[in-house]
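Reading through the structure tokens given below for one structure.
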Amino acid sequence: MALNSSAFFVPCHNYNQICDLLLSSARTRSTSKGLQLHGYIVKSGLSLIPLVANNLINFYSKSQLPFDSRRAFEDSPQKSATTWSSIISCFAQNELPWMSLEFLRKMMAGNLRPDDHVLPSATKSCGILSRCDIGRSVHCLSKKTGYDADVFVGSSLVDMYAKCGDIVNARNVFDEMPLRNVVTWSGMMYGYAQMGENEEALWLFKEALFENLAVNDYSFSTVLCVCANSTLLELGRQIQGLCVKSSFDSSSFVGSSLVSLYSKCGVLEGAYKVFDEVPLKNLGIWNAMLKACAQHSHTQEVIELFKRMKLSGIKPNFITFLNLLNACSHAGLVEEGRYYFDLMKKSRIEPTDKHYASLVDMLGRAGKLEEALEVITTMPIDPTESVWGALLTSCTIHKNTELAAFAADKVFELGPVSSGMHISLSNAYAADGRFEDAAKARKLLRDRGEKKETGLSWVEERNKVHTFAAGERRHERSNEIYEKLAELGEEMEKAGYVADTSFVLREVDRDEKNQTIRYHSERLAIAFGLITFPADRPIRVMKNLRVCGDCHNAIKFMSMCTGRVIIVRDNNRFHRFEDGKCSCNDYW
DNA sequence: TTAGGGTTAG
């Protein structure tokens, strides 16, 4: 008998066929057909057959109805290891990790030994919960039962340790496995990427290729993410070539990593091209593209993209709204930002501290300091360092020293703060005439043995990254770089550039303060680009800290005097300088 | 194949 849809309504006594139908209902997401089948199964007494009962559990699990799955489990007449395995995996896959572990306990209390199907699900649950301690017990259990040599069990353990941030144990399991596959390797790469150990992740990828492992979309999206985070554009492009060759470039996961790679490396056109070419776009790739446009001040495109995204039936999540809010805040679009914030709440997405920080940043930068403060005092969750920090930054921009000092007090009340924040705190107190507090803020930083992050800028040339710090002369082409800057400096002055040295006294960190403002790291990196790259190639510079106001002005003159496009990424967005103008419209 | 492990966007 053919398994067509009419078969659902025809009485059928072949339980193997019923099982097939349940499975196909789950696969095609035809929940209603599955429910009809369940009714028929109960009526005809087929639910007493263990195989049918197990299939029901699996059907509900795949249909994302874990509690119906549980009911089917309870109704099941004979609970074999397979039955337990089905329900434990159901909870692990349907966001009920605790229940999954509870059922593992129940299974063992009934003197049933967990097998090679149960252990990976239980391990996965520990990973979801970030509970390394429970994970270790499951690991021990795997060893005791001898299943630790199984490639599924081992891979799930690698992933669990990686998710818990225990990279040492992840690597130990990885090294001890007698047999590894692409899942094991991808999991290990992901672990390194999570910990920011980018070089290790890249090494592992290289080793995998060397071992002729058939890498896939999972491996590609992870390794491309590493390239994006290290702004390794050329390597990323080479890996993209491998994706194209193996047809994994059509995956939306690989696509979102590629969009992020191009965006983070300053090549917005590249991000657009990847985005347009991915046939089926998931939420991740829409968010990646929204973020790319927001970072590059393509605000109108952000708004248009969001409309297109909704038209294509994709539901926005909290990341989508964070991107929208950041885009509005970067461009000073207060009304639009407010609209998206309300829309988010209407969509029943709870704003996080990051959303509030973005809202405060948007209002504060636009000079609406009182409103920004009101947002903080009325928000339903506790304001974090980033929220008060956004107000503090805005107060500094608008020279409201009193409110800045108040915000600084609030940040201090929260306890230990990040190292970058100390300088802002100290500056805020100093500006308000509270010099003792200013000294205290700096002293706290010193006492904790922390140093402010050194300002660094870097440029990628072929497969090499050239890094510069303010005023240093360690680069092999330093003489030419400084000559270029001197020569360009004269041209810039003729064009009307006047150095604003007030930035040396304010907001610039100590390491850079000792250097003359002319030799901030980004200027060295740009000069290197000028003497190295062909005239038609944009100069892309990455910086770990914010660009100072004088450099921002100077780079505008640089772009005008040289006729070059200069793209600078500071710690959170891009500035594209062309013909003496910047894409941020001086609002940053 | 009645049941198991891994990825993107922040």
Side-chain angles (χ1 to χ4, degrees), chain A residues 15-16 18-20 22-24 26-27 49-59 61-62 69 76 80-90 92-93 100 114-125 127 147 150-160 162-163 173 177 180-191 193-194 215-226 228 248 251-261 263-264 271 274-275 278 281-292 294 314 316-323 326 352 354-355 358:
Chain A
Y15 65 82
N16 275 318
I18 284 284
C19 292
D20 284 346
L22 273 172
L23 195 62
S24 73
R27 282 191 185 143
I49 298 168
L51 178 61
V52 176
N54 284 356
N55 266 287
L56 267 174
I57 299 169
N58 298 330
F59 159 72
S61 168
K62 289 203 174 95
S69 190
S76 164
S80 64
T82 305
T83 321
W84 284 96
S85 157
S86 294
I87 194 67
I88 290 167
S89 115
C90 166
Q93 284 169 3
S100 151
D115 61 13
D116 50 341
H117 281 79
V118 167
L119 289 165
S121 295
T123 311
K124 177 188 167 128
S125 298
Y147 285 119
D150 179 84
V151 68
F152 277 77
V153 174
S155 302
S156 68
L157 284 167
V158 168
D159 178 67
M160 182 275 294
K163 285 207 167 80
V173 175
M177 283 170 69
R180 293 180 280 259
N181 64 13
V182 66
V183 178
T184 332
W185 283 83
S186 305
M188 196 63 232
M189 276 182 236
Y190 172 77
Q194 281 284 295
V215 285
N216 61 13
D217 44 348
Y218 284 82
S219 346
F220 280 129
S221 54
T222 303
V223 76
L224 283 167
C225 176
V226 171
F248 286 119
S251 147
S252 52
F253 283 86
V254 174
S256 24
S257 298
L258 280 168
V259 167
S260 173
L261 167 78
S263 168
K264 285 183 177 157
V274 170
F275 179 76
V278 170
K281 296 174 179 63
N282 68 1
L283 176 60
I285 196 167
W286 282 100
N287 281 345
M289 197 62 230
L290 283 167
K291 159 105 182 174
I314 301 281
N317 70 352
F318 74 104
I319 297 170
T320 316
F321 283 104
L322 196 58
N323 290 332
N326 285 337
T352 67
K354 289 195 177 74
H355 296 91
S358 189

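The sequence lines fix the lettering, A, B, ..., with proteins before strands; numbering per chain opens at 1.
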Which nucleotide sits closest to the side chain of [X]: [options]?
X: A:Tyr218; options: B:dA9, B:dT2, B:dT7; answer: B:dT7
X: A:Ser256; options: B:dG10, B:dT2, B:dA9; answer: B:dA9
X: A:Pro120; options: B:dG4, B:dG6, B:dT2; answer: B:dG4
X: A:Asp115; options: B:dA3, B:dG10, B:dT8; answer: B:dA3
X: A:Ser257; options: B:dA9, B:dT8, B:dG5; answer: B:dT8

Is the phosphate of [N] approached by [X] (side-chain N or O, under 4.0 Å from OP1 or OP2)?
X: A:Ser89; N: B:dG4; result: yes
X: A:Lys163; N: B:dG5; result: no
X: A:Lys354; N: B:dG10; result: no
X: A:Lys124; N: B:dG6; result: yes
X: A:Gln93; N: B:dG4; result: yes

[X] has an atom [atom1]; how far is it from atom [atom2] of [N], in whole Å?
X: A:Phe152; N: B:dG5; atom1: CZ; atom2: P; result: 8 Å
X: A:Trp84; N: B:dG4; atom1: CH2; atom2: P; result: 17 Å
X: A:Asn287; N: B:dT7; atom1: CG; atom2: P; result: 18 Å
X: A:Met188; N: B:dG5; atom1: CE; atom2: C1'; result: 15 Å
X: A:Met189; N: B:dG6; atom1: CE; atom2: P; result: 16 Å
X: A:Lys291; N: B:dG10; atom1: NZ; atom2: P; result: 5 Å
X: A:Leu23; N: B:dT1; atom1: CG; atom2: P; result: 10 Å
X: A:Ile18; N: B:dT2; atom1: CD1; atom2: C1'; result: 14 Å

For a quick check of understanding: with a heavy-atom distance under 4.0 Å over all strands, which category does [X] fall into, base, sugar-phosphate or nothing?
X: A:Ser121; answer: sugar-phosphate
X: A:Ser186; answer: base
X: A:Leu51; answer: base
X: A:Val259; answer: nothing
X: A:Lys62; answer: sugar-phosphate
X: A:Cys19; answer: nothing
X: A:Phe220; answer: nothing
X: A:Arg180; answer: nothing
X: A:Ile57; answer: nothing
X: A:Asp116; answer: base
X: A:Asn54; answer: base
X: A:Val151; answer: base
X: A:Thr320; answer: nothing

Donor-acceptor pair (no angle test) under 3.5 Å: A:Ser221 side chain, B:dT7 base:
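Such a pair is found, so the answer is yes.
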For this session: Indicate, yes or no, whether a donor-acceptor pair under 3.5 Å links the base of B:dT7 to the side chain of A:Thr222.
Result: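 Answer is no: no donor-acceptor pair is held.
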### Query
Hey, what's the ring geometry for A:Phe275 with A:Trp286, parallel, tilted or perpendicular (30° and 60° as the breaks)?
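Rings of A:Phe275 and A:Trp286: perpendicular, as their planes differ by over 60°.
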Using the rule given for side-chain contact (heavy atoms from CB on, under 4.5 Å), can you reason through A:Val153 versus A:Thr123, listing the C-alpha separation, both sets of side-chain angles and the distance that settles it, and then say yes or no? CA-CA 8 Å; A:Val153 174; A:Thr123 311; 5.5 Å; no
Would you measure the distance from the C1' atom in B:dT7 across to the matching atom in B:dA3 and give it in whole Å?
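Those two atoms are separated by 23 Å.
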